[in-house]
Amino acid sequence: MTTTELALHWNPIDWPLTHGPIPYAVLAAGWISVAALALSRDRRWLSLRPVGAVLLGGALTGLVEAVVDGWWHPFPEGLPDYVIGWIALALFGISLALFRAPLLSRRHRLYAAGGAALVVLAAASQVNRGFDQYPTARTMLAPKTQALTSGHASDTVTTPPDRALADVWQAPPGLPAKGTVSSTRIPGTKSGFQTRDAYVYLPPAYQASPRPLLPVLVLLPGQPGAPSDWITSGAIQDTLDAFAAEHHGLAPIVVVADPTGDSWTNTLCLDSRIAKAHTYLAEDVPDWIHSRLQTATGRTSTAVGGLSLGGTCSLQLAVNAPQVYGTFLDISGQSEPTLGSHSETVAKAFGGDEAAFAAVDPLHLMAARSFPDTAGVFVVGANDPDFRPQQEKAFDAAKQAGMAVDYQTLPGGHSWSVFRGAFEQNLPWLAKRMGLVR
């Protein structure tokens, strides 16, 4: 074990939060706290107070579900059942503490509050285990970035016809071992769309002279979510650096763009009454990439991918802007863009105009025309009850439309264990499809 590996092993910020002893210890502390809050010899407590805590916890859980799934819709598919279950436990723990507080001394009230906090922490830990979004505490931190490489090299290496870039590329001495990650704003010049910072991964070969003209993958996060999720929870830099190490510094340039503008708005990645998100992703982002970075150009050298909402968006862009994106990676996406229901989507985004929705909906477009020059991969968790049927439906439609598509399942549900695995598993295919390697 190297010195760096030893440092990571002993650094608490790198201890696993989704497997191993920590989540089980937190869960045990939560259940012990529930028992401590619920059990008492005090006759006053043994009246109707436990029943009141159950009723209050249940009522609060119902209220949360009604607000989140019935009114707010931050998750188009609704909260997963297991999330609702852990929310119910957290609210039950808080309710127990509230009902116990009047019977306790000041010091013991603090103990009750601490017990409730442990119940909430245990519930949050289990939700995190389900989504696998924060495998360690380090992934909760802002990504480390550096200044974006600017300037155009005068000497470049291009991909010759019928060959891969790797066939003609020779890594110069002193090439960096790892790529760089930078944050930058990509302005909505044509769309007027206001977004958060994007993240740009440049592989080691981009620092070389002559510079190889590398293909570009535009990655999109889910919703709720942010572009930084792919850097932290997705750990794409590690995956891309590992790929580059096996290919003499070559890897795709990856631009993680923002399709929603904030964590809670669902733009559908379309031009609608909500925002001109399609124009942003199909014009503003590619224009910025090719003006600011030195890359390969053309639809065969440009791919789009994403998870959940971002996966839905990737398929939408492949059929609505096939002249830009010739390849897509749809990870756990939906069969159609949605704000929760079809009727609500059409009403809010298109003023009730079904024809306007059909004109941009992937299923309608793939039923009406063929896309023989487009290739894609659909990936979904084998245990994902909401998104797996939708992925199967979208895959069948894409296949009928003449696309060269593949359908894959990975162990797990709608979680980062699937999202990370899908990216790592399909990176070699993307690189080959975009002419980087054979």
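What's counted below: heavy atoms across the whole structure, side chains too, no hydrogens, waters or symmetry copies.
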Under 6.0 Å from the [atom1] atom of [X], do we count more than 12 heavy atoms belonging to anything else shown?
X      : atom1 : answer
Gln194 : CD    : no
Tyr24  : OH    : no
Glu354 : CD    : yes

Test item: [X] and [Y] side chains (from C-beta on) under 4.5 Å apart, heavy atoms:
X      : Y      : value
Trp416 : Pro135 : no
Tyr199 : Ile236 : no
Asp197 : Pro227 : no
Met403 : Phe371 : yes
Trp31  : Leu89  : yes
Tyr134 : Thr232 : no
Phe357 : Pro337 : yes
Leu219 : Phe423 : yes

[X] side-chain N/O to [Y] backbone N/O, donor-acceptor pair under 3.5 Å:
X      : Y      : answer
Arg420 : Thr239 : no
Asp271 : Thr279 : yes
Gln133 : Asp229 : no
Asn266 : Leu339 : no
Ser272 : Ile274 : yes
Ser308 : Gly310 : no
Arg273 : Phe350 : no
Arg109 : Ala101 : yes
Asn426 : Ala422 : yes
Ser335 : Gln390 : no

(message) Using the rule given for side chain to side chain contact (heavy atoms under 4.5 Å, CB included), can you reason through Asp384 versus Val418, listing the C-alpha separation, both sets of side-chain angles and the distance that settles it, and then say yes or no?
(response) CA-CA 10 Å; Asp384 191 338; Val418 171; over 6 Å; no

Show the nearest heavy-atom pair for residues [X] and [Y], with the distance to one decimal.
X      : Y      : value
Gly130 : Ser415 : O-CB, 3.1 Å
Pro259 : Pro221 : CD-CD, 3.5 Å
Thr61  : Ala88  : OG1-CA, 3.2 Å
Arg100 : Leu39  : NH1-O, 3.5 Å
Leu315 : Asp330 : CB-OD2, 3.9 Å
Gln223 : Trp264 : NE2-O, 3.3 Å

(message) Parallel, tilted or perpendicular, judged at 30° and 60°: which one describes the rings of Phe378 and Phe328?
(response) perpendicular

(request) Measure up the Tyr111 and His108 rings against each other and bin them: parallel (under 30°), tilted (30 to 60°), perpendicular (over 60°). (result) perpendicular

(request) Would you kindly say whether His278 and Gln316 are connected by a side-chain donor-acceptor distance under 3.5 Å? (result) no

(message) Would you say Tyr407 and Asp396 are linked by a side-chain donor-acceptor pair, where the criterion is simply a distance under 3.5 Å?
(response) no

(message) Quick one, His247 with Leu436, criterion side chain to side chain contact (heavy atoms under 4.5 Å, CB included). Give me CA distance, side-chain angles, the key distance, then yes/no.
(response) CA-CA 10 Å; His247 297 88; Leu436 187 62; over 6 Å; no

(message) Using the side-chain contact (heavy atoms from CB on, under 4.5 Å) definition, which of the options Ile289, Leu317, Ile253, Val254 pairs with Val218?
(response) Ile289

Mind checking the [atom1]-[atom2] spacing from [X] to [Y]? Nearest 0.5 Å is all I need.
X      : Y      : atom1 : atom2 : answer
Thr312 : Glu336 : OG1   : CD    : 10.0 Å
Gln146 : Thr180 : CD    : OG1   : 5.0 Å
Lys144 : Ser183 : NZ    : OG    : 14.5 Å
Thr345 : Asp361 : OG1   : CG    : 10.0 Å
Ile87  : Tyr82  : CD1   : OH    : 10.5 Å
Arg138 : Leu17  : CZ    : CG    : 12.0 Å

(message) Any carboxylate oxygen within less than 4.0 angstrom of a Lys/Arg side-chain nitrogen, looking at Asp284 and Lys190?
(response) no

(message) For a side chain to side chain contact (heavy atoms under 4.5 Å, CB included) check, start with the C-alpha distance between Met140 and Ile13, then their side-chain angles and the critical distance, and finish with the verdict.
(response) CA-CA 10 Å; Met140 300 180 188; Ile13 201 172; over 6 Å; no

(request) Go through the steps for Gln391 and Thr409 under the test side chain to side chain contact (heavy atoms under 4.5 Å, CB included), then give the verdict. (result) CA-CA 10 Å; Gln391 284 285 78; Thr409 60; over 6 Å; no

